[in-house]
Amino acid sequence: DAGVTQSPTHLIKTRGQQVTLRCSPKSGHDTVSWYQQALGQGPQFIFQYYEEEERQRGNFPDRFSGHQFPNYSSELNVNALLLGDSALYLCASSLDFQGNYGYTFGSGTRLTVV
Amino acid sequence: KQEVTQIPAALSVPEGENLVLNCSFTDSAIYNLQWFRQDPGKGLTSLLLIQSSQREQTSGRLNASLDKSSGRSTLYIAASQPGDSATYLCAVRKGNNRLAFGKGNQVVVIP
(Lines give C-alpha, C1' and ligand atoms only; values in the text may rest on other atoms or scores of the structure.)
Protein backbone atom coordinates (compact mmCIF):
# COMPACT_ATOMS: atom_id res chain seq x y z
CA ASP A 1 0.00 0.00 0.00
CA ALA A 2 1.69 3.19 -1.20
CA GLY A 3 1.82 5.96 1.34
CA VAL A 4 1.94 9.65 0.46
CA THR A 5 4.08 10.31 -2.59
CA GLN A 6 5.59 13.67 -3.45
CA SER A 7 7.42 14.90 -6.50
CA PRO A 8 9.97 16.09 -7.25
CA THR A 9 12.27 15.19 -4.36
CA HIS A 10 14.60 18.12 -4.94
CA LEU A 11 14.27 21.36 -6.84
CA ILE A 12 16.48 24.40 -7.42
CA LYS A 13 14.84 27.62 -8.60
CA THR A 14 15.91 31.19 -9.14
CA ARG A 15 14.45 34.08 -7.17
CA GLY A 16 11.31 35.40 -8.87
CA GLN A 17 10.45 32.14 -10.58
CA GLN A 18 7.39 30.00 -10.00
CA VAL A 19 7.30 26.40 -8.80
CA THR A 20 4.75 23.57 -8.64
CA LEU A 21 5.00 20.68 -6.20
CA ARG A 22 2.85 17.58 -6.42
CA CYS A 23 1.36 15.16 -3.92
CA SER A 24 -0.61 11.92 -4.12
CA PRO A 25 -2.34 11.00 -0.87
CA LYS A 26 -2.34 7.61 0.77
CA SER A 27 -4.91 5.24 -0.68
CA GLY A 28 -8.30 5.85 0.96
CA HIS A 29 -7.42 9.36 2.16
CA ASP A 30 -9.38 12.30 0.76
CA THR A 31 -7.88 15.28 2.60
CA VAL A 32 -4.51 16.83 1.82
CA SER A 33 -2.56 19.39 3.84
CA TRP A 34 0.69 21.14 3.02
CA TYR A 35 3.40 22.17 5.47
CA GLN A 36 6.63 24.14 5.16
CA GLN A 37 9.62 23.14 7.27
CA ALA A 38 12.57 25.48 7.51
CA LEU A 39 15.90 24.09 8.66
CA GLY A 40 15.90 23.32 12.38
CA GLN A 41 12.22 24.19 12.78
CA GLY A 42 8.99 22.26 13.12
CA PRO A 43 6.66 22.15 10.10
CA GLN A 44 4.30 25.10 9.65
CA PHE A 45 0.78 24.65 8.24
CA ILE A 46 0.23 26.23 4.81
CA PHE A 47 -3.27 25.07 3.81
CA GLN A 48 -5.67 22.14 3.63
CA TYR A 49 -7.72 20.81 0.72
CA TYR A 50 -10.89 18.75 0.94
CA GLU A 51 -13.46 18.11 -1.78
CA GLU A 52 -11.31 20.12 -4.19
CA GLU A 53 -11.58 23.29 -2.12
CA GLU A 54 -9.16 25.11 0.14
CA ARG A 55 -10.70 24.68 3.59
CA GLN A 56 -8.15 26.29 5.84
CA ARG A 57 -5.11 28.46 5.42
CA GLY A 58 -2.18 29.22 7.66
CA ASN A 59 -0.24 32.47 7.85
CA PHE A 60 1.21 32.38 4.35
CA PRO A 61 0.93 35.04 1.61
CA ASP A 62 -1.19 34.70 -1.51
CA ARG A 63 1.94 33.74 -3.45
CA PHE A 64 1.21 30.28 -2.08
CA SER A 65 -1.72 28.63 -3.79
CA GLY A 66 -2.92 25.12 -4.36
CA HIS A 67 -5.30 22.82 -6.03
CA GLN A 68 -6.90 19.45 -5.39
CA PHE A 69 -7.98 17.18 -8.21
CA PRO A 70 -10.95 14.76 -8.36
CA ASN A 71 -8.59 11.85 -7.60
CA TYR A 72 -7.60 13.69 -4.35
CA SER A 73 -4.07 14.46 -5.50
CA SER A 74 -2.88 18.00 -4.90
CA GLU A 75 -0.49 20.66 -6.13
CA LEU A 76 1.23 23.46 -4.26
CA ASN A 77 2.20 26.50 -6.34
CA VAL A 78 4.52 29.24 -5.19
CA ASN A 79 4.90 32.39 -7.29
CA ALA A 80 7.58 35.08 -7.22
CA LEU A 81 9.96 32.91 -5.24
CA LEU A 82 11.99 34.50 -2.45
CA LEU A 83 15.20 33.22 -0.89
CA GLY A 84 13.20 32.66 2.30
CA ASP A 85 10.97 30.14 0.53
CA SER A 86 13.84 27.65 0.63
CA ALA A 87 12.58 24.81 2.79
CA LEU A 88 11.33 21.24 2.89
CA TYR A 89 7.70 21.12 1.74
CA LEU A 90 5.70 18.30 3.23
CA CYS A 91 2.38 16.93 2.11
CA ALA A 92 0.13 15.12 4.58
CA SER A 93 -3.04 13.18 3.97
CA SER A 94 -5.75 12.07 6.37
CA LEU A 95 -8.65 9.65 6.36
CA ASP A 96 -11.10 12.36 7.34
CA PHE A 97 -11.29 16.12 7.16
CA GLN A 98 -10.86 16.55 10.90
CA GLY A 99 -7.75 14.40 11.24
CA ASN A 100 -9.33 12.15 13.86
CA TYR A 101 -7.18 9.21 12.76
CA GLY A 102 -3.94 11.12 12.46
CA TYR A 103 -1.92 12.22 9.48
CA THR A 104 0.41 10.42 7.05
CA PHE A 105 3.26 12.47 5.66
CA GLY A 106 5.25 12.12 2.47
CA SER A 107 9.03 12.30 2.10
CA GLY A 108 8.89 15.95 1.12
CA THR A 109 10.25 18.18 -1.63
CA ARG A 110 13.43 20.08 -0.85
CA LEU A 111 13.16 23.49 -2.54
CA THR A 112 16.25 25.66 -2.83
CA VAL A 113 15.87 29.22 -4.11
CA VAL A 114 19.06 30.88 -5.33
CA LYS B 1 -2.23 30.39 19.62
CA GLN B 2 -1.11 26.88 20.43
CA GLU B 3 2.59 26.65 21.28
CA VAL B 4 4.42 23.35 21.48
CA THR B 5 7.77 23.03 23.23
CA GLN B 6 10.08 20.03 23.19
CA ILE B 7 12.77 19.54 25.78
CA PRO B 8 15.62 18.76 25.50
CA ALA B 9 16.35 20.10 22.03
CA ALA B 10 19.18 17.61 21.61
CA LEU B 11 20.54 14.66 23.57
CA SER B 12 23.04 11.85 23.22
CA VAL B 13 22.73 8.54 25.03
CA PRO B 14 24.75 5.32 25.01
CA GLU B 15 23.18 2.33 23.32
CA GLY B 16 20.88 0.37 25.61
CA GLU B 17 19.75 3.30 27.71
CA ASN B 18 16.09 4.30 27.83
CA LEU B 19 15.14 7.55 26.10
CA VAL B 20 12.70 10.05 27.60
CA LEU B 21 11.51 12.87 25.35
CA ASN B 22 9.21 15.61 26.61
CA CYS B 23 6.57 17.69 24.83
CA SER B 24 4.51 20.47 26.39
CA PHE B 25 1.67 22.50 24.88
CA THR B 26 0.05 25.69 26.08
CA ASP B 27 -3.61 25.00 25.28
CA SER B 28 -4.99 21.80 26.78
CA ALA B 29 -8.06 21.81 24.48
CA ILE B 30 -6.55 19.34 22.03
CA TYR B 31 -8.22 16.52 20.10
CA ASN B 32 -5.18 14.32 19.72
CA LEU B 33 -1.39 14.30 19.79
CA GLN B 34 0.91 12.56 17.35
CA TRP B 35 4.60 11.69 17.65
CA PHE B 36 6.70 11.55 14.51
CA ARG B 37 10.22 10.53 13.63
CA GLN B 38 12.26 12.46 11.07
CA ASP B 39 15.60 11.36 9.63
CA PRO B 40 17.89 14.12 8.28
CA GLY B 41 16.42 15.74 5.17
CA LYS B 42 13.55 13.25 5.06
CA GLY B 43 9.81 13.28 5.63
CA LEU B 44 7.90 12.41 8.79
CA THR B 45 7.13 8.89 9.92
CA SER B 46 4.22 8.54 12.31
CA LEU B 47 5.10 6.67 15.51
CA LEU B 48 2.10 6.98 17.81
CA LEU B 49 -1.26 8.74 17.87
CA ILE B 50 -2.91 9.46 21.23
CA GLN B 51 -6.51 10.63 21.34
CA SER B 52 -7.42 13.24 23.95
CA SER B 53 -9.42 10.64 25.90
CA GLN B 54 -6.43 8.28 26.18
CA ARG B 55 -3.62 8.30 28.74
CA GLU B 56 -1.05 6.34 26.75
CA GLN B 57 -0.26 4.37 23.63
CA THR B 58 2.32 1.65 23.09
CA SER B 59 4.00 0.19 20.05
CA GLY B 60 6.90 -2.19 20.54
CA ARG B 61 9.69 -0.37 22.40
CA LEU B 62 7.78 2.93 22.20
CA ASN B 63 5.37 4.24 24.78
CA ALA B 64 3.77 7.67 24.76
CA SER B 65 1.81 9.18 27.62
CA LEU B 66 -0.57 12.13 27.57
CA ASP B 67 -1.58 14.38 30.46
CA LYS B 68 -3.94 16.81 28.80
CA SER B 69 -4.75 18.79 31.93
CA SER B 70 -1.12 19.70 32.49
CA GLY B 71 -0.35 20.05 28.78
CA ARG B 72 2.31 17.35 28.61
CA SER B 73 3.23 14.27 26.65
CA THR B 74 6.25 12.03 27.08
CA LEU B 75 7.71 9.58 24.58
CA TYR B 76 9.66 6.68 26.08
CA ILE B 77 11.95 4.56 23.92
CA ALA B 78 13.19 1.47 25.71
CA ALA B 79 16.66 -0.02 25.21
CA SER B 80 17.78 2.53 22.63
CA GLN B 81 19.64 1.41 19.50
CA PRO B 82 21.84 3.36 17.05
CA GLY B 83 19.00 3.10 14.53
CA ASP B 84 16.88 5.24 16.88
CA SER B 85 19.07 8.24 16.08
CA ALA B 86 16.75 10.82 14.51
CA THR B 87 14.69 13.90 15.34
CA TYR B 88 11.43 13.23 17.14
CA LEU B 89 8.59 15.69 16.61
CA CYS B 90 5.48 16.15 18.70
CA ALA B 91 2.35 17.62 17.09
CA VAL B 92 -1.03 18.50 18.59
CA ARG B 93 -4.33 18.89 16.80
CA LYS B 94 -6.97 21.33 17.95
CA GLY B 95 -10.44 21.96 16.60
CA ASN B 96 -9.00 23.84 13.65
CA ASN B 97 -7.95 20.52 12.11
CA ARG B 98 -4.33 21.43 11.65
CA LEU B 99 -1.20 20.26 13.42
CA ALA B 100 0.94 22.50 15.59
CA PHE B 101 4.48 21.16 15.87
CA GLY B 102 7.34 21.54 18.28
CA LYS B 103 10.88 22.00 16.99
CA GLY B 104 11.81 18.44 17.84
CA ASN B 105 14.16 16.43 20.05
CA GLN B 106 17.34 15.55 18.16
CA VAL B 107 18.57 12.18 19.43
CA VAL B 108 21.94 10.49 18.93
CA VAL B 109 22.40 6.96 20.24
CA ILE B 110 26.09 6.16 20.65
CA PRO B 111 27.12 2.55 19.90
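Numbers restart at 1 for each chain; the letters A, B, ... are given by sequence-line order, proteins then strands. What you see is a predicted model; the values in this text were computed from it and never measured.
Heavy-atom distances place the backbone of A:Y101, and not its side chain, under 4.5 Å from chain B. In this structure, chain A has a heavy atom under 4.5 Å from the side chain of B:Q51, while its backbone stays farther away. In this structure, chain B has heavy atoms under 4.5 Å from both the backbone and the side chain of A:Q98. Of the two parts of B:Q6, neither the backbone nor the side chain holds a non-hydrogen atom closer than 4.5 Å to a non-hydrogen atom of chain A.
The hydrophobic clustering, which links ILVMFWY residues whose side-chain heavy atoms are closer than 4.5 Å, places B:L49 and A:F105 apart.
With contacts defined as side-chain heavy-atom distances shorter than 4.5 Å, the pair A:P43/B:L44 qualifies. Here the side chains of A:Q37 and B:L89 are in contact, with some heavy-atom distance below 4.5 Å. Under the 4.5 Å side-chain criterion, counting only non-hydrogen atoms from C-beta, A:Y35 is in contact with B:F101. Contact annotation: the side chain of B:Q34 approaches that of A:Y103 to within less than 4.5 Å [non-hydrogen atoms, C-beta and beyond].
Under a cut-off of 6.0 angstrom, the local environment of OH in A:Y72 is sparse, with at most 12 non-hydrogen atoms contributed by other residues, nucleotides or ligands. No more than 12 heavy-atom neighbours from other residues, nucleotides or ligands sit within 6.0 angstrom of NZ on B:K103. By the 6.0 Å contact criterion, NZ on B:K68 is enclosed, its count of non-hydrogen atoms from other residues, nucleotides or ligands being greater than 12. Crowding of A:Q68 atom CD: a count of heavy atoms from other residues, nucleotides or ligands under 6.0 Å exceeding 12. Within 6.0 Å of atom CG in A:N59, 12 or fewer heavy atoms from other residues, nucleotides or ligands are found, so the atom counts as exposed in its surroundings.
Put simply, the side chain of A:Q56 gets close to the backbone of B:N96: a donor and an acceptor are under 3.5 Å apart. Looking at B:R93, its side chain does come within 3.5 Å of a backbone N or O of A:G99 through a donor-acceptor pair.
Separation of atoms CG (B:N97) and OG (A:S33) is listed at 8.5 Å; rounding is to 0.5 Å. Note that the CG atom of A:L88 and the CD atom of B:Q38 stand 6.5 Å from one another [nearest 0.5 Å]. Atom CD1 of A:I46 is separated from atom CZ of B:R98 by 11.5 Å, given to the nearest 0.5 angstrom.
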